Colleague: 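Shown below is the structure under consideration.
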Amino acid sequence: MFSSIWSFIKRHKRKFIFSAAVVGGVYFLGKYAQTKIRDIQEREATEYIAQARRQFHFESNQRTCNMTVLSMLPPLREAIVNQLNSESLTALLKTKPANKLEIWEDLKIISFTRTIVAVYSTCMLVVLLRVQLNIIGGYLYLDNSVGKTAVTPLAPPDVQQQYLSSIQHLLGDGLTELMTVVKRAVQNSLGRVSLKQSLSLLELEQQVSWIRAEVEAGSERRLSWYMLADDENALADQACGLTENDVSTIRLLNETRDMLDSPDFGTVLNACLHRGFSRLLDNLAEFFRPPPGDSALSAGPDSLSAVSLPLAKIIPIVNGQINTICSDTPSHFVQDLLMNDQVKEFAANVYETFSTPQELQK
């Protein structure tokens, strides 16, 4: 019997060897597959944790952006009111001066100018801080990343402070220049409109559109200039608080300038301006509603266009809008800008760009 078995094995030796090789190969292949699967799972888990950490940091950064915007609105409002002081004119009118008509004409120009400047500057503040704080946020994420080997931080505290202080351009020279441009446009649009002339809400909207067209298309400067000085000397001056040739601060300022000059930024700023001026007109519409007892006007589809007010009555309404536009308590105006989907998406793209290691961007 044993000889028969041995003879069988010898006759089928190659088959047995092949089968053993196959079994062994399958076993080792299985072990290799298990190891690779485990490696993949561990890598995926690590990537998931890193992505979750990154997402948490981004969301925290956006809350910081919102709080920073709200904290900057009072000094912005103060800067506008100090340079476009309508309160002094209204106080003069109460004294019944001889040049009453002249003061009213000045009040007309200043009231419209400061409200329109408030819309522009608030929108600019929202998008500029979104860019700056997400650039800083991205670099801070890299500085604090696990396994980071670079010795020099990308955004040390002193550089952050100096970089973020560049917002003073929007509150200073940029704002002053913006006022000059807007005031000229207001004068061209409303200068010859009589104080006694009645305007409907639609006619008022047309006036605002003409002013915007002159500011945005008729000016030699791009809107981005009012947010950040664009010449090299100004950029260097903004960095002089550290050292004259501080590479890190100037790099951040130049990267910000690149962002402000990008088509995406222009699209987002335009979206904010559209929403901001729409919200302004919504606020003004409350004063153009037909009297409660006038059912004929109230029922019509164009009821708001049927109601007109003398310009002299519109002026104080427009003049008071700055308190809503530049309110440091969350108002509908500011919330519309902070919650704008295009602003959120743009902020995410900026953060993504600056929180990705350079070697992965190549």
Side-chain angles (χ1 to χ4, degrees), residues 58-85 113-140 155 157-179 182 223-229 234-235 238-239 241 249 252-253 255-257 259-260 265 268-269 271-273 275-277 279-280 320-340 342-344 346-347 350-351:
F58 169 73
E59 291 173 356
S60 175
N61 200 50
Q62 302 325 293
R63 290 191 292 271
T64 300
C65 287
N66 293 343
M67 295 303 296
T68 305
V69 168
L70 294 176
S71 70
M72 293 297 296
L73 288 174
L76 175 62
R77 181 175 64 242
E78 183 180 357
I80 296 172
V81 170
N82 284 343
Q83 295 192 58
L84 297 170
N85 192 340
T113 298
R114 81 175 192 173
T115 294
I116 291 173
V117 165
V119 175
Y120 272 113
S121 56
T122 301
C123 291
M124 291 175 180
L125 184 69
V126 168
V127 291
L128 175 58
L129 284 174
R130 272 292 189 275
V131 170
Q132 288 190 303
L133 291 177
N134 278 292
I135 289 176
I136 287 291
Y139 280 148
L140 284 176
D158 51 353
V159 172
Q160 292 178 48
Q161 182 178 0
Q162 186 63 29
Y163 166 62
L164 293 175
S165 70
S166 63
I167 195 72
Q168 292 305 316
H169 178 78
L170 176 57
L171 301 179
D173 292 345
L175 186 64
T176 300
E177 181 66 21
L178 178 62
M179 289 177 182
V182 172
L223 292 181
S224 61
W225 184 89
Y226 304 113
M227 290 173 268
L228 190 70
L235 291 176
Q238 290 172 0
T249 305
L252 287 171
L253 291 169
E255 288 170 340
T256 304
R257 167 56 54 197
M259 281 290 175
L260 299 191
F265 180 86
V268 172
L269 179 58
C272 284
L273 290 173
R275 188 63 206 133
F277 280 105
R279 174 55 70 177
L280 171 64
Q321 290 300 309
I322 190 171
N323 296 316
T324 300
I325 295 168
C326 297
S327 174
D328 53 330
T329 57
S331 64
H332 290 301
F333 186 92
V334 177
Q335 289 288 1
D336 281 355
L337 300 179
L338 295 179
M339 298 295 107
N340 184 285
Q342 287 179 277
V343 172
K344 290 181 178 180
F346 182 68
V350 174
Y351 184 87

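The first residue in the sequence is number 1, and the count goes up from there. Keep in mind it's a predicted model, so treat the numbers as computed, not measured.
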Colleague: Under a 3.5 Å cutoff, is there a donor and acceptor pairing between the side chains of Tyr163 and Glu255?
Modeller: no
Colleague: Has Gln161 got more than 12 heavy atoms of other residues, nucleotides or ligands less than 6.0 Å from its CD?
Modeller: no
Colleague: Given Leu125, which partner from the list Thr122, Val127, Leu129, Leu128 fulfils the side-chain contact (heavy atoms from CB on, under 4.5 Å) test?
Modeller: Leu129
Colleague: Mark yes when over 12 heavy atoms from residues, nucleotides or ligands other than Asn85 sit less than 6.0 Å from its CG; otherwise mark no.
Modeller: yes
Colleague: Do Gln342 side-chain atoms and Val268 backbone N/O form a donor-acceptor pair below 3.5 Å?
Modeller: no
Colleague: Quick one about Arg130 and Asn66 (side-chain donor to acceptor, distance below 3.5 Å, no hydrogens or angles considered), yes or no?
Modeller: yes
Colleague: Less than 4.5 Å apart, any side-chain heavy atom of Ser224 and any of Arg257?
Modeller: yes
Colleague: Among residues at least two apart in sequence or on other chains, which ones pass ring pair (Phe, Tyr, Trp, His ring centres under 6.0 Å) with Tyr351?
Modeller: His57, Phe58
Colleague: Should Gln321 and Arg114 count as side-chain neighbours, where that means a heavy-atom distance under 4.5 Å?
Modeller: no
Colleague: Which pair of non-hydrogen atoms, one from Met72 and one from Leu171, has the smallest distance, and what is that distance?
Modeller: CE-CD1, 3.5 Å
Colleague: Please name the pair of heavy atoms, one in Ala155 and one in Tyr139, separated by the smallest distance, quoted to 0.1 Å.
Modeller: CB-CB, 3.9 Å
Colleague: Is it the case that Gln132 and Thr256 place a side-chain donor and acceptor less than 3.5 Å from each other?
Modeller: no
Colleague: Looking at Leu133 and Cys65, what are the two nearest heavy atoms and their distance?
Modeller: CB-SG, 3.5 Å
Colleague: Within the structure provided, determine whether Met179 and Ile80 are in side-chain contact (heavy-atom separation under 4.5 Å).
Modeller: yes
Colleague: Scan side-chain atoms only and decide if Gln62 and Asn134 contain a donor-acceptor pair under the 3.5 Å cut-off.
Modeller: yes
Colleague: Side chain of Ser327, backbone of Thr324: donor and acceptor closer than 3.5 Å?
Modeller: no
Colleague: So Val343 and Leu338, do their side chains get closer than 4.5 Å, heavy atoms only?
Modeller: no
Colleague: Kindly indicate, with the supporting measurements, whether the criterion side chain to side chain contact (heavy atoms under 4.5 Å, CB included) is fulfilled by Arg279 and Val334.
Modeller: CA-CA 10 Å; Arg279 174 55 70 177; Val334 177; over 6 Å; no
Colleague: Judged by atom type as modelled, is there a donor-acceptor pair below 3.5 Å linking the side chain of Asp336 to the main-chain atoms of Arg275?
Modeller: no
Colleague: With a 3.5 Å distance limit and no angle check, can you tell me whether Ser166 reaches the backbone of Gln162 through a side-chain donor-acceptor pair?
Modeller: no
Colleague: Heavy atoms only: give me the nearest Cys326-Ala118 pair and the separation to one decimal.
Modeller: SG-CB, 4.0 Å
Colleague: Look up atom OG1 in Thr176 and atom NE2 in His169, then write down how far apart they are to the nearest 0.5 Å.
Modeller: 9.5 Å
Colleague: Quick one: does Asn82's side chain have a donor or acceptor within less than 3.5 Å of a partner on Glu78's backbone?
Modeller: yes
Colleague: Do you know which two heavy atoms are closest between Leu175 and Ser121, and how far apart they sit?
Modeller: CD1-CB, 4.0 Å
